[in-house]
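Owing to the predicted nature of the structure, the values given are computational and were not obtained by experimental measurement. Numbered from 1 within each chain, the chains take letters A, B, ... in sequence-line order.
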Number of protein chains: 2
Amino acid sequence: MNIASCKDSTLILQNSNQAQFCGSGLIGVPEHSSESDERKADTNKQKRRRSKEPGEDGEDRPREHPFIVTEPGELARGKKNGLDYLFDLYEQCGKFLLEVQRIAKEKGEKCPTKVTNQVFRHAKHNGAVYINKPKMRHYVHCYALHCLDSEQSNHLRRLYKERGENVGAWRQACYYPLVAIARENNWDIEGIFNRNEKLKIWYVPTKLRQLCHMERSKECP
Amino acid sequence: MNIASCKDSTLILQNSNQAQFCGSGLIGVPEHSSESDERKADTNKQKRRRSKEPGEDGEDRPREHPFIVTEPGELARGKKNGLDYLFDLYEQCGKFLLEVQRIAKEKGEKCPTKVTNQVFRHAKHNGAVYINKPKMRHYVHCYALHCLDSEQSNHLRRLYKERGENVGAWRQACYYPLVAIARENNWDIEGIFNRNEKLKIWYVPTKLRQLCHMERSKECP
DNA sequence: ACCGAGGGCGACCAACGGACGGTGCCCAA
DNA sequence: TTGGGCACCGTCCGTTGGTCGCCCTCGGT
């Protein structure tokens with residue numbers, strides 16, 4: 001599956017540049033280290049606990065519907081959310097940031113320039129319970145492609161929908177057009193984000209930075 | 001002594017603006033709460049420990065000589081350091097930041113735009129043992145005045161030296177010209193820092209931001 | 001020789017950016 | 001009706017920005 005999605009994205013890139021991504025890239029920069037490798041037998045890392053105490057009932061909200069790959073303009077059916085909605089969440093975060101900034105200035109406090117923990121907290125307290133940090137960080141680079149080259153972003157969505165790929169595969173594929181854009185901009189991915197009015201409030205994802213670095217290294221061996 | 005230094009700085013300000021600072025400002029925004037106020041009897045805050053273990057000997061470096069108020073160009077005599085040297089430390093930090101940035105870019109890592117913990121660590125590891133975070137943060141606003149209005153900064157130094165004031169008093173006095181500059185710039189102290197090539201790598205000190213906020217509040221009651 | 005004022009900076013802390021992976025949902029069979 | 005693959009997001013972690021105040025130093029007596 002990894003290899004398949006890698007092939008796909010190489011395909012996507014073909015008409016905009018010449019480089020080969022397969023054989024490094026995603027595979028070289030694991031984002032979860034899906035290899036079990038070897039169970040480090042004596043590790044004492046405590047388990048993350050979710051299971052609620054018996055008798056204690058926290059009235060827990062059901063989780064949001066998962067995203068599916070949708071074309072631009074297409075509404076997701078059933079218990080799913082579409083990608084237009086995903087991108088709208090980023091716009092909502094931008095609005096919440098503006099509010100946090102206004103409040104901070106009013107009170108003479110430090111004024112954030114990025115979407116910080118404080119902004120997520122503000123969003124949650126103001127009813128946007130469906131926004132949370134891990135989710136937003138997970139798809140930042142997808143939103144970045146949407147902002148920087150909506151044509152290519154739309155094309156990718158249609159392609160992946162047509163093929164019946166899942167969200168994970170589409171998400172992976174979004175990296176490669178971005179790396180190509182970075183190449184065309186002297187590998188300054190930070191600058192690319194900062195120059196875009198909507199993107200500049202988001203941190204550059206670690207993995208995107210790493211992918212750019214790896215590709216650049218391959219260029220001048 | 002607080003009141004004395006407040007009087008002094010009001011005096012300094014007289015030919016550049018009209019506002020009264022006394023009665024709020026420093027006294028309203030304690031930077032250490034020099035008042036004993038009342039000993040919170042039952043507080044359990046643990047004591048900070050310095051005393052080395054008996055028998056354990058860490059070869060501890062002697063602390064740096066304290067700063068004294070010197071005129072521009074004047075070398076401190078005896079076991080003291082002058083203010084030109086203090087300001088030079090800020091320039092050194094700027095150089096260390098440039099190095100950290102170069103290394104980060106080379107390795108494709110996050111690239112700091114400000115003097116961060118990482119920069120202080122880098123400085124220390126590269127022999128600048130005399131640089132440390134609390135010291136640099138303590139005098140940032142003094143350096144800011146030096147960068148933004150060297151004339152006024154020099155004037156203040158000469159005045160305070162002449163009067164035999166100690167470093168603490170001079171340091172306090174540095175706030176007020178900065179507040180005046182902020183007023184002339186629509187209270188955008190963040191922007192004032194960011195627009196100055198040397199200053200923009202330093203965080204705006206909390207207390208300076210608070211002073212600006214308080215003065216602005218008094219303007220439109 | 002001693003003392004008190006002054007201030008340098010080690011060490012602390014809440015909160016941060018960042019990441020992982022358990023849990024529960026959903027769909028295909 | 002069941003099973004397994006997927007992904008949402010609670011929760012953790014190393015480090016940060018920010019600060020406090022202990023204790024050393026040194027000039028005055």
Visitor: Rounded to whole angstroms, how far apart are OH on A/Tyr203 and P on C/dG17?
Guide: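 Computing the A/Tyr203:OH to C/dG17:P distance gives 4 Å.
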Visitor: Think A/Arg121 has a side-chain N or O under 4.0 angstrom from the OP1 or OP2 of C/dC16?
Guide: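 Yes, because at least one side-chain N or O of A/Arg121 sits under 4.0 Å from OP1 or OP2 of C/dC16.
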Visitor: For residues 66-76 of chain B, which residue pairs pass the salt bridge (charged side-chain N to carboxylate O under 4.0 Å, His left out) check, not counting sequence neighbours?
Guide: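 Passing the test, one end in residues 66-76 of chain B: B/Glu71-B/Lys161, B/Glu74-B/Lys161.
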Visitor: Which pairs, with at least one residue in residues 83-96 of chain A and sequence neighbours excluded, count as a salt bridge (charged side-chain N to carboxylate O under 4.0 Å, His left out)?
Guide: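 Every salt bridge (charged side-chain N to carboxylate O under 4.0 Å, His left out) pair that includes a residue of residues 83-96 of chain A, provided the two are not neighbours, is A/Asp84-A/Arg157, A/Glu91-A/Lys198.
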Visitor: For residues 122-129 of chain B, which side-chain donor-acceptor pairs fall under 3.5 Å, sequence neighbours excluded?
Guide:
unit_1	atom_1	unit_2	atom_2	d
B/His122	NE2	B/Glu99	OE1	2.8
B/Lys124	NZ	B/Ile131	O	3.3

Visitor: I need the full list of salt bridge (charged side-chain N to carboxylate O under 4.0 Å, His left out) pairs touching residues 127-142 of chain B, with sequence neighbours left out, sorted by first then second residue.
Guide: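 Of all non-adjacent pairs touching residues 127-142 of chain B, none passes salt bridge (charged side-chain N to carboxylate O under 4.0 Å, His left out).
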Visitor: For A/Lys110 and A/Gln118, does a side-chain donor sit closer than 3.5 Å to a side-chain acceptor?
Guide: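 No.
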Visitor: Could I get the full list of side chain to side chain contact (heavy atoms under 4.5 Å, CB included) partners for A/Lys80, not counting sequence neighbours?
Guide: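 Testing A/Lys80 for side chain to side chain contact (heavy atoms under 4.5 Å, CB included), a comparison that skips the adjacent residues, returns A/Pro66, A/Ile68, A/Ala76.
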Visitor: Nearest whole Å is fine: how far is C/dA15 P from A/Phe120 CZ?
Guide: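 It is 18 Å, rounded to the nearest whole Å.
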Visitor: Please give, in whole Å, the distance from D/dG17 P to A/Gln118 CD?
Guide: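 So the CD-P distance, A/Gln118 to D/dG17, works out to 16 Å.
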Visitor: Find the distance B/His138:NE2 to C/dG7:C1' and express it as a whole number of Å.
Guide: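 Value for this atom pair: 7 Å.
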Visitor: Using a cut-off of strictly less than 4.0 Å between a heavy atom of the residue and any atom of DNA chain D, enumerate the qualifying residues of residues 122-137 of chain B by number.
Guide: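 Per residue number, the list reads B/Lys133, B/Pro134.
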Visitor: Residues two or more places apart in sequence or in another chain: which of them pass ring-ring contact (aromatic ring centres under 6.0 Å, His included) with A/Tyr139?
Guide: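 Testing A/Tyr139 for ring-ring contact (aromatic ring centres under 6.0 Å, His included), a comparison that skips the adjacent residues, returns A/Phe67.
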Visitor: In whole Å, what is the span from the CG atom of B/Asn166 to the C1' atom of C/dG4?
Guide: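 After rounding, the gap between these two atoms is 14 Å.
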Visitor: Can you check the B/Trp170 CH2 to C/dG6 C1' distance for me, whole Å?
Guide: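 Atom-to-atom, B/Trp170 to C/dG6, this comes out as 16 Å.
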Visitor: Could you tell me how far apart A/Arg63 (CZ) and C/dT23 (P) are, to the nearest whole angstrom?
Guide: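 To the nearest whole Å, that distance equals 11 Å.
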Visitor: Residues in side chain to side chain contact (heavy atoms under 4.5 Å, CB included) with B/Thr206, at least two apart?
Guide: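 By the side chain to side chain contact (heavy atoms under 4.5 Å, CB included) rule, B/Thr206 matches B/Arg209, B/Gln210.
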Visitor: Identify, with sequence neighbours excluded, every residue that meets side chain to side chain donor-acceptor pair (under 3.5 Å) alongside A/Arg158.
Guide: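 Side chain to side chain donor-acceptor pair (under 3.5 Å) check on A/Arg158 returns nothing, list empty.
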Visitor: Which of residues 72-104 of chain A sit near DNA chain C, with a heavy atom under 4.0 Å from it?
Guide: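 The stretch gives A/Lys79, A/Lys80 as the residues lying under 4.0 Å from the strand, ordered by number.
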Visitor: Please tell me which of A/Glu64 and B/His65 maps to the more 5' nucleotide of DNA chain D, matching each residue to the nucleotide holding its nearest heavy atom.
Guide: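 Nearest nucleotide further toward 5': that of A/Glu64.
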Visitor: Under the salt bridge (Lys or Arg N to Asp or Glu O under 4.0 Å) test, which residues partner B/Lys200, sequence neighbours left out?
Guide: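 By the salt bridge (Lys or Arg N to Asp or Glu O under 4.0 Å) rule, B/Lys200 matches B/Glu197.
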Visitor: Of the residues in residues 107-117 of chain B, which ones touch DNA chain D at a heavy-atom distance under 4.0 Å?
Guide: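 Only B/Thr116, B/Asn117 qualify.
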Visitor: Rounded to the nearest angstrom, tell me the gap between atom CZ in B/Arg171 and atom C1' in D/dT19.
Guide: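 Result: 12 Å.
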Visitor: Side-chain N or O of B/Tyr139 versus OP1/OP2 of C/dG8: is the shortest distance under 4.0 Å?
Guide: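 Answer is yes, contact under 4.0 Å.
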Visitor: Does some side-chain heavy atom of B/Thr116 sit less than 4.5 Å from a side-chain heavy atom of B/Tyr203?
Guide: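 Side chain of B/Tyr203 against side chain of B/Thr116, heavy atoms only: contact under 4.5 Å found.
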